[in-house]
Asker: 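Before I ask anything, let me first share the structure, which is written out below as structure tokens.
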Amino acid sequence: MIRNAKRRAALLAVAGAAILGLGLSGCAGGGGGNDSSSSEGRTLRVWAGSQTPIEANFNPFSPTVLHAALGPIYEPLFFYNKTADDAPSPMLGESFEYNEDGTVITVKLKDGVKWSDGEDFSAEDAAFTFNYEPNHRDGLVSAEAPDDTTLVLTYSTPQYTNEFQILGTTWILPEHIWKDVDDYSTFTDEDPVGTGPYVVENVTDASYTVVANENFRDEGVPAIKKVQYIGIDANQSAQDLLTAGKLDWTGMFVPNPESVTDKGVISMINTPQDPTVLYTCSNAELGCTGPQTDVAVRQALNVAIDRGTIKEKAFVGLTGDISPAFTLMPRDAKWLADPANETSPQSPDAAAAGEILEAAGYTKGGDGFYGKDGTPIELSLISVDGWTDYNDAAKLIAEEAAEAGIKVTASTVQWQEFSDARQTGQYQLIMGGVIGTSVADPFQIYKDWFTGESTSQVGEEVPTGRWNFSRYDNPVVNEAVAAAAATNDEAVKKEAYAKVQTEIVRDLPYIPLVINATQTFYNSKDFTGWPTEDDLYAFPPAWGSVAAGYILQHLEPVK
């Protein structure tokens, strides 16, 4: 499944040349170096991420889907603001209610909504969406549309804890398009039809452009008429374009943000929300291979890591401290069962790492590294080429592991190789991120990243919409997550979460590192309406799923 690296490198070289010669559209206005006194009509330019050359793929079920598909084009029923413990905001849905035992959700949908191709949206589309193969999960019994604006979802078990996933992450599909899709896993959806504020205008190897959806619902046609997503395969290249006024919105790590913001055009906000971890392919029963499949090796590596140094040197002090229970502190404090698990160790303990390994039968060789039965512990750690903060952290981890007698070799790969490796489980260690929950509750992380239903055999991709790249499958965790999903009783959920936390803190299928610095840079001179510290109405980075489309609806050009 890993793509040919030489071919990929050649394609990236072509894409890089295309970026250098790219005619960035809409260069009027303060950010583009033009003397025009108005930004009205100016294209908003966004970093599309490291996936270059760009391939037209707006299929929301694809692991390589382009950013604009998720929010700007396709929408869920409601918007959940992951930066606050707020009630969800209506999108395609107006309101919802549960029946007495939580097994039925009745959703009132907005009336008069149209798809971007002019066809009427109705509850039949929503029912089709939930009955569609990748969405037919969590014990869904039926999805029905008793009338044009009512959706009734019936489940075999209570779904209180699954609310966000059901109502906030299920992309609503047009039945008149998707009923003819033979294989959703290979469909690239190059001309997507959605209900969101934008539609696709064109796609090239170097960029793609979306324009305002003239059929957008009651919120009105967006004030920003055109958005150009530009593919750039390295942080530094994106930073250079941002500093030069050629980008208006991006979520990326910049170690010296003042070099970007000191001209008064670009502003920055930092919203640490998402865990950064070491993915470990941990489960030998599902086909993982390598020393990291031994829990003792993972435990030793966990205590060998100097998180304080990584925080300061790789992330220049912008990250937050992480909990091995994957509760976002202090937001999720009530769900943390054991105060000892509030924060992962910040200082390394090489002696403790050695004790763990020796108790598991490992011995230190003459070269200073541990092994067992004549086989040394040798681990491969990959990160994405151009992700400078992750690359620096990976190098530090390799050095820190060596101090504890664990040999780790850090290297970089292109984004597609990283994506293929984690999807199929063909790796040992990966520097990667975990998607933080959009509500003040760790349930979604536990379900999507730690349960057996959210993973697959090595060589097969993980289920659509799930993220258990470690191949972790623990019956205690599976049962506890199911118990939490079936209750609206806080005490019962706390008891279930305590069981989950005990298992994952010990087993460490993902070795916690930091709560990632999530820097968002945005052009505050030419555009208004951005999320700010005083009004953090949405998670601000341009790559934010759902939130990006929500933010675009709030933006206006400076006149």
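FYI, side chains are in, hydrogens and waters are out, and symmetry mates aren't considered; it's all heavy atoms of this structure.
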Asker: Would you call D526-R45 a salt bridge at under 4.0 Å N-O?
Answerer: no
Asker: Test W115 against every option in N213, N215, D125 by the side chain to side chain donor-acceptor pair (under 3.5 Å) rule and name the one that passes.
Answerer: D125
Asker: Where do L151 and A126 come nearest, in terms of heavy atoms and distance?
Answerer: CD2-CB, 3.9 Å
Asker: Without hydrogens or angle criteria, can the side chains of N57 and S62 be said to hold a donor-acceptor pair below 3.5 Å?
Answerer: yes
Asker: Do side-chain atoms of T170 reach the backbone of I166 as a donor and acceptor pair under 3.5 angstrom?
Answerer: yes
Asker: To the nearest 0.5 Å, what is the distance between CH2 (W47) and OG (S207)?
Answerer: 15.5 Å
Asker: With a 3.5 Å distance limit and no angle check, can you tell me whether D385 reaches the backbone of T412 through a side-chain donor-acceptor pair?
Answerer: no
Asker: To the closest 0.5 Å, what do you measure between CG (L77) and CD1 (I105)?
Answerer: 9.5 Å
Asker: Is any NZ, NE, NH1 or NH2 atom of the basic residue among K246 and D240 found under 4.0 Å from an Asp or Glu carboxylate oxygen of the other?
Answerer: no
Asker: For the atom pair CG (L44) and CG (D248), what is the distance rounded to the nearest 0.5 Å?
Answerer: 5.0 Å
Asker: Between Y550 and N81, is any side-chain donor less than 3.5 angstrom from a side-chain acceptor?
Answerer: no
Asker: Please answer whether the main-chain N or O of V384 pairs with a side-chain N or O of Q414 as donor and acceptor at a distance below 3.5 Å.
Answerer: no
Asker: Kindly indicate, with the supporting measurements, whether the criterion side chain to side chain contact (heavy atoms under 4.5 Å, CB included) is fulfilled by D274 and V434.
Answerer: CA-CA 6 Å; D274 297 322; V434 170; over 6 Å; no
Asker: Supply the atom-to-atom distance K525 NZ to S267 OG, rounded to the nearest 0.5 angstrom.
Answerer: 11.5 Å
Asker: Would you please test W178 and F187 for ring pair (Phe, Tyr, Trp, His ring centres under 6.0 Å) and show each step?
Answerer: CA-CA 10 Å; W178 282 79; F187 180 48; 5.1 Å; yes
Asker: Walk me through it: do V500 and V481 pass the test side chain to side chain contact (heavy atoms under 4.5 Å, CB included)?
Answerer: CA-CA 7 Å; V500 172; V481 169; 4.0 Å; yes
Asker: Can you check ring pair (Phe, Tyr, Trp, His ring centres under 6.0 Å) on H67 and Y229, steps first, answer last?
Answerer: CA-CA 9 Å; H67 290 161; Y229 289 80; 7.2 Å; no
Asker: Between E190 and V200, does the side chain to side chain contact (heavy atoms under 4.5 Å, CB included) criterion hold? Intermediate values first, please.
Answerer: CA-CA 9 Å; E190 295 182 21; V200 176; over 6 Å; no
Asker: Taking the six-membered ring for Trp, is the centroid-to-centroid distance between F61 and W171 below 6.0 Å?
Answerer: no
Asker: Can a donor-acceptor pair be found, under 3.5 Å and without considering hydrogens, that links the side chain of N256 to the backbone of S259?
Answerer: no
Asker: Would you kindly say whether D189 and N59 are connected by a side-chain donor-acceptor distance under 3.5 Å?
Answerer: no
Asker: Between S411 and I382 (side chain of the first, backbone of the second, donor and acceptor by atom type, cut-off under 3.5 Å), is there such a pair?
Answerer: no
Asker: Indicate whether any N or O donor in one side chain lies under 3.5 Å from an N or O acceptor in the other, for Y208 and E201.
Answerer: no
Asker: Taking atom types as modelled, is there a side-chain donor on T437 or R331 under 3.5 Å from an acceptor on the other?
Answerer: yes
Asker: Any salt bridge between R217 and E75, counting N to O under 4.0 Å?
Answerer: yes
Asker: Checking the side chain of T261 only, and the main-chain atoms of P257 only, is there a donor and an acceptor separated by less than 3.5 Å?
Answerer: yes
Asker: For a quick check under 3.5 Å, do N468 and Y510 share a side-chain donor-acceptor pair by atom type?
Answerer: yes
Asker: Within this structure, what is the CZ-OG distance for the pair F79 and S89, rounded to the nearest 0.5 Å?
Answerer: 6.5 Å
Asker: Does the plane of the ring in F469 sit parallel, tilted or perpendicular to the ring in Y279? Use 30° and 60° as the thresholds.
Answerer: tilted
Asker: Could you tell me which non-hydrogen atom of G436 sits nearest to which non-hydrogen atom of I445, and how far apart they are?
Answerer: CA-CD1, 4.1 Å
Asker: Quick test of your reading of the model: are K334 and E490 salt-bridged, counting only N-O distances below 4.0 Å?
Answerer: yes
Asker: With a 4.5 Å limit on heavy-atom distance, are the side chains of W415 and T64 in contact?
Answerer: yes
Asker: Would you check if the side chain of Q159 reaches a backbone N or O of D138 as a donor-acceptor pair within less than 3.5 Å?
Answerer: yes
Asker: Looking at K313, I'd like to know if its NZ atom is crowded, meaning that more than 12 non-hydrogen atoms belonging to other residues, nucleotides or ligands lie closer than 6.0 Å.
Answerer: no
Asker: Start with the C-alpha gap between M91 and V546, add the side-chain angles, then the distance that decides, and say whether side chain to side chain contact (heavy atoms under 4.5 Å, CB included) holds.
Answerer: CA-CA 10 Å; M91 296 190 86; V546 187; 3.9 Å; yes
Asker: Can you confirm whether more than 12 heavy atoms, excluding those of E258, are under 6.0 Å from its CD atom?
Answerer: yes
Asker: Look at the rings of Y98 and Y160 and say which category their plane angle falls in: under 30° parallel, 30 to 60° tilted, over 60° perpendicular.
Answerer: tilted
Asker: Where is the tightest heavy-atom contact between P531 and I551, given as atom of each residue plus distance?
Answerer: CG-CD1, 3.7 Å
Asker: Is the ring pair W449/W467 parallel, tilted or perpendicular, if the boundaries are 30 and 60 degrees?
Answerer: parallel
Asker: Does the T129 side chain pair with the main chain of L173, one donor and one acceptor, at a distance under 3.5 Å?
Answerer: yes
Asker: Would you compute the distance between atom OG1 of T195 and atom NZ of K114 and round it to the nearest 0.5 angstrom?
Answerer: 13.5 Å
Asker: If you draw a 6.0 Å radius around NZ in K225, do more than 12 non-hydrogen atoms from other residues or ligands fall strictly inside?
Answerer: yes
Asker: Test side chain to side chain donor-acceptor pair (under 3.5 Å) on N162 and K447; report intermediate values, then the result.
Answerer: CA-CA 9 Å; N162 266 334; K447 179 182 179 182; 3.0 Å; yes
Asker: Begin with the C-alpha distance, continue with both residues' side-chain angles, and end with the deciding distance and a verdict on side chain to side chain donor-acceptor pair (under 3.5 Å) for N391 and S383.
Answerer: CA-CA 6 Å; N391 301 158; S383 58; 2.7 Å; yes
Asker: Apply salt bridge (Lys or Arg N to Asp or Glu O under 4.0 Å) to the pair K108 and E97, showing each step before the final yes or no.
Answerer: CA-CA 9 Å; K108 181 67 175 177; E97 62 180 6; over 6 Å; no
Asker: Does a donor on one side chain sit under 3.5 Å from an acceptor on the other, for T204 and N202?
Answerer: no
Asker: Please verify the inter-ring angle class for Y522 with W530; under 30° counts as parallel, over 60° as perpendicular, anything in between as tilted.
Answerer: tilted
Asker: Can we call the ring centroids of F78 and F96 under 6.0 Å apart?
Answerer: yes
Asker: Closer than 3.5 angstrom, by distance alone: can the side chain of Q273 be matched with the main-chain N or O of T518 as a donor-acceptor pair?
Answerer: no
Asker: Can you find a heavy atom in the side chain of I266 that is under 4.5 Å from one in the side chain of L242?
Answerer: yes
Asker: Is it the case that atom CG in N270 sees more than 12 heavy atoms from other parts of the structure closer than 6.0 Å?
Answerer: yes
Asker: Identify the residue among F450, W335, F326 that makes a ring-ring contact (aromatic ring centres under 6.0 Å, His included) with Y497.
Answerer: W335
Asker: So, applying side-chain contact (heavy atoms from CB on, under 4.5 Å) with I230, which one of T250, L247, V46 is it?
Answerer: L247
Asker: Using modelled atom types only, decide if a donor and an acceptor are shared between the side chain of S454 and the backbone of R466 within a distance under 3.5 Å.
Answerer: no
Asker: Between R307 and D321, does any side-chain N to carboxylate O distance fall below 4.0 Å?
Answerer: no
